[in-house]
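Remarks on the structure that follows.
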Protein chains: 2
Amino acid sequence: MAEVTLKDVALASGCSIATVSRVLAGTRPVGAETARTVRAAAEALGYRPNHVARALRSRSTGTVGLVLPQITNPFFPSLVRELEHALHAADRAVLLADCDDDPVTEAARINALLARRVDALLLIPVDERRSREAVATAAARVPLVLLDRGCGPGVADSVAVDNVAGMALVLDHLAATGRRRPCFIGAAGTASAAAERRAAYEAGAAALDPGAPGRVALGDFSVEWGRAAVDRLWPSRPDAVVCANDLIAAGALQRLRQLGADVPGEVAVTGFDDIPLAGLADPALTTVRQPLAELAAEAARLLARSPAAGPPAARRAVRLAPELVVRASSAGPGARAGEAS
Amino acid sequence: MAEVTLKDVALASGCSIATVSRVLAGTRPVGAETARTVRAAAEALGYRPNHVARALRSRSTGTVGLVLPQITNPFFPSLVRELEHALHAADRAVLLADCDDDPVTEAARINALLARRVDALLLIPVDERRSREAVATAAARVPLVLLDRGCGPGVADSVAVDNVAGMALVLDHLAATGRRRPCFIGAAGTASAAAERRAAYEAGAAALDPGAPGRVALGDFSVEWGRAAVDRLWPSRPDAVVCANDLIAAGALQRLRQLGADVPGEVAVTGFDDIPLAGLADPALTTVRQPLAELAAEAARLLARSPAAGPPAARRAVRLAPELVVRASSAGPGARAGEAS
DNA sequence: ATGAGGGCGGCAAACGTTATCACCGCTCAC
DNA sequence: GTGAGCGGTGATAACGTTTGCCGCCCTCAT
């Protein structure tokens, strides 16, 4: 039951510790015969390498920290899943940290992870501005990749969905299905997702109808705000409600139904992110799906880069193309509610 | 920028490495004057202890593995959040592993975590039977606490909600609001949550109405099954549909509405777990809330115990009391749909 | 005065690996 | 025939801590 170490295997296979290490780690070529003997001995003794010792010596823990604002935000679990799988495939373990949507605990968690000597950090910043300092200092110590949301220019590498393209998909779809009077429920603040989606809507809607690009209401990314915004926007009778994410859309949908509006007959509703809830809403929500697996793969790839790599200008910002998922909530204006599905 | 170690601090403060270690770790009493000097030096140099070296020497990484079936299951994120917080409060980092609902990858992840020398394992087993072996061997190596679901008797300590009590709360509530012809949509299989909730329903319903304890349909814990089960059960016109979890209930609700049933006027629907979706459903779902924070705290507490602690008989199985959350989906039979809220 | 005891502090040995260096024996080319 | 080159191997020094043990000095009781 005692822990079997390299020394034991060396003893049992009649060669030196160094050789055993080389065989097992494959660091350097080693004689075929010796290799076989060593492997047999290791197997027989049930040797399991000690990652801690390895980490101490090689100065690399094979561990990456994953820091996110709130795991309970329904958009994150799917992303976390993809990240976990991508990283595990690269033999890296994931140290999870939940920030409670608070920049202060975020900084604390980052430090805790750094103290644990993570090889790299994957981070979804809580706030564009208030996360910046902690992120910047962390980025100076380990490779760091920003996910989903940005954090100011040149702070670190980042990978996210192309919000502008996504919003364009939505507007094109609405235009193609005959909607002419859209409005937008978005989120205030400078967070990249909020700002980009908002700007993209305004640009796209203006192109759609130069005369009246539709009203815009700004709150936060929540169901409650979706409900409240509908109360504000519905009186002007838009024929499409474009929402900055699925939570807002879920709230909007709920309130519209309570108000007796016919979705999608009278008004279409669209979301963004394609969280699991989107397919379950009634009517099912048309939305923009993020390429989660690709985002994760790209993030994992970026992580391989060196820590203080070059000047800030050298930061990369990867943007991946989203996909439109058309569901019942945006069926043609003539359609009656519930007709789809 | 080079890493500052105990040696540097020792040099700067004019005492030995051992003393510095003792001051910083508080292992043994040390002179007040010396302590101050050391602390000042450490502060000045920006010393940050190396957890890896510490782990190697002290044979404890301060890390626990969290293994779960599928982070995308909407019940888990809230639980993960509580666990992360509870563990962080105890200065332990969380290594996350997602099993894709597959016992084989589950075993692989457990081994990977063990190789990383986690101090303990927190595990939500994928399957009552097929997870058993991997769990048992893991439990022999480190303290292991089973969460939410059991895994056979005496395999490891476990902490979960009291499913029987929860189901009783639901049935009492339904009886009190005049429902007399309940039915149950549950999950097949031996998983503890499925089996316990099913058994509890049967016992409770039989007590409610000895003549006809209501029909039971068994599938899995999914929205799709909820929809399908309603098709099977609705023809017999129950006045309450008791679901084994919220996903099933969401599906049932959706299908019932499609069929034109009046919820809750004609038929009440209840769920279990109180996932975020429950409050968003329409009508909002009456359900049983799990005491997540308490579950997490209890799990963290149990983790402190020793590894191969005593005979299997000594395993503890903590059960915590749930809470009934009454929402619109089970308002009195006389109520019209949408009247609540 | 002297021995016992206790509070502090230092030395050095682990912990289990990987990395550096040297060495050995062989082949090949000159 | 000898030196260079090279694949394979072994000693051994790190990596940064914690910790057991010893020794110092000061105090107090005898």
Side-chain angles (χ1 to χ4, degrees), chain A residues 1-39 41-42 45-63 91 93 114-119 141, chain B residues 1-42 45-63 91 93 114-119 141-142:
Chain A
M1 195 51 222
E3 214 48 55
V4 28
T5 74
L6 275 190
K7 190 156 79 174
D8 302 319
V9 178
L11 224 53
S13 63
C15 60
S16 77
I17 295 184
T19 303
V20 176
S21 167
R22 289 194 271 256
V23 168
L24 267 25
T27 313
R28 267 186 16 186
V30 70
E33 178 60 25
T34 324
R36 200 159 341 126
T37 320
V38 167
R39 254 185 277 271
L45 294 177
Y47 169 74
R48 317 179 52 154
N50 185 324
H51 280 230
V52 175
R54 179 176 297 187
L56 177 59
R57 180 62 238 233
S58 64
R59 334 187 63 77
S60 151
T61 56
T63 283
D91 268 320
L114 253 23
R116 286 282 199 307
R117 294 296 196 275
V118 291
D119 286 346
R141 303 176 52 92
Chain B
M1 194 52 223
E3 213 48 55
V4 27
T5 75
L6 275 191
K7 189 156 80 174
D8 302 320
V9 179
L11 225 54
S13 63
C15 61
S16 78
I17 296 184
T19 303
V20 176
S21 168
R22 289 194 270 256
V23 168
L24 267 24
T27 315
R28 264 187 20 188
V30 69
E33 178 60 26
T34 324
R36 200 161 339 128
T37 319
V38 168
R39 255 186 276 272
L45 294 178
Y47 169 74
R48 316 179 55 153
N50 184 325
H51 280 232
V52 175
R54 179 178 303 194
L56 177 60
R57 176 64 232 229
S58 63
R59 332 189 63 75
S60 151
T61 55
T63 281
D91 266 321
L114 253 24
R116 295 258 196 248
R117 293 298 196 277
V118 291
D119 286 346
R141 303 176 52 92
V142 296

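Just so it is clear, the values below take in all heavy atoms, side chains as well, and ignore hydrogens, waters and symmetry mates.
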Separation of A:L11 atom CG from D:dG10 atom P, in whole Å?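 Rounded to whole Å, this separation is 12 Å.
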Over how many whole Å does the gap from B:D8 atom CG to D:dC15 atom C1' extend?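 Whole-Å distance recorded here is 13 Å.
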Residues in salt bridge (charged side-chain N to carboxylate O under 4.0 Å, His left out) contact with [X], at least two apart in sequence or another chain:
X: A:R59; result: none
X: B:R22; result: none
X: B:R117; result: A:E3

Kindly write out the residues that satisfy side-chain contact (heavy atoms from CB on, under 4.5 Å) with B:L11, not counting sequence neighbours, or none if the list is empty. none
Restricting to side-chain contact (heavy atoms from CB on, under 4.5 Å), what partner residues turn up for B:R48, sequence neighbours left out?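 In terms of side-chain contact (heavy atoms from CB on, under 4.5 Å), with neighbours along the sequence ignored, B:R48 is linked to A:N111, A:L114, A:R141.
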If you fit an axis to the five pairs at each end of the helix from C:dA1-D:dT30 to C:dC30-D:dG1, how big is the angle between those two axes, to 10 degrees? 60°
Got a list of protein N/O to nucleotides 23-27 of chain D N/O distances below 3.5 Å?
none

Which donor-acceptor pairs under 3.5 Å do the side chains of residues 30-38 of chain A make with protein atoms, sequence neighbours left out?
residue, atom, partner, partner atom, Å
A:E33, OE1, A:R36, NH1, 3.4
A:T37, OG1, A:E33, O, 2.9

In short, side-chain hydrogen bond (donor to acceptor under 3.5 Å, both in side chains) pairs touching residues 10-20 of chain B with sequence neighbours left out are B:S16-B:T19
Output all residues satisfying side-chain hydrogen bond (donor to acceptor under 3.5 Å, both in side chains) with B:D119, sequence neighbours left out; order by chain, then residue number. B:S60, B:T61
Those residues that, when tested against A:H51, pass side-chain hydrogen bond (donor to acceptor under 3.5 Å, both in side chains) (two or more places apart): B:R116
Nucleic acid footprint by protein, nucleotides 17-23 of chain C - heavy-atom cut-off 4.0 Å, B for base, S for sugar-phosphate alone: BBBBB--
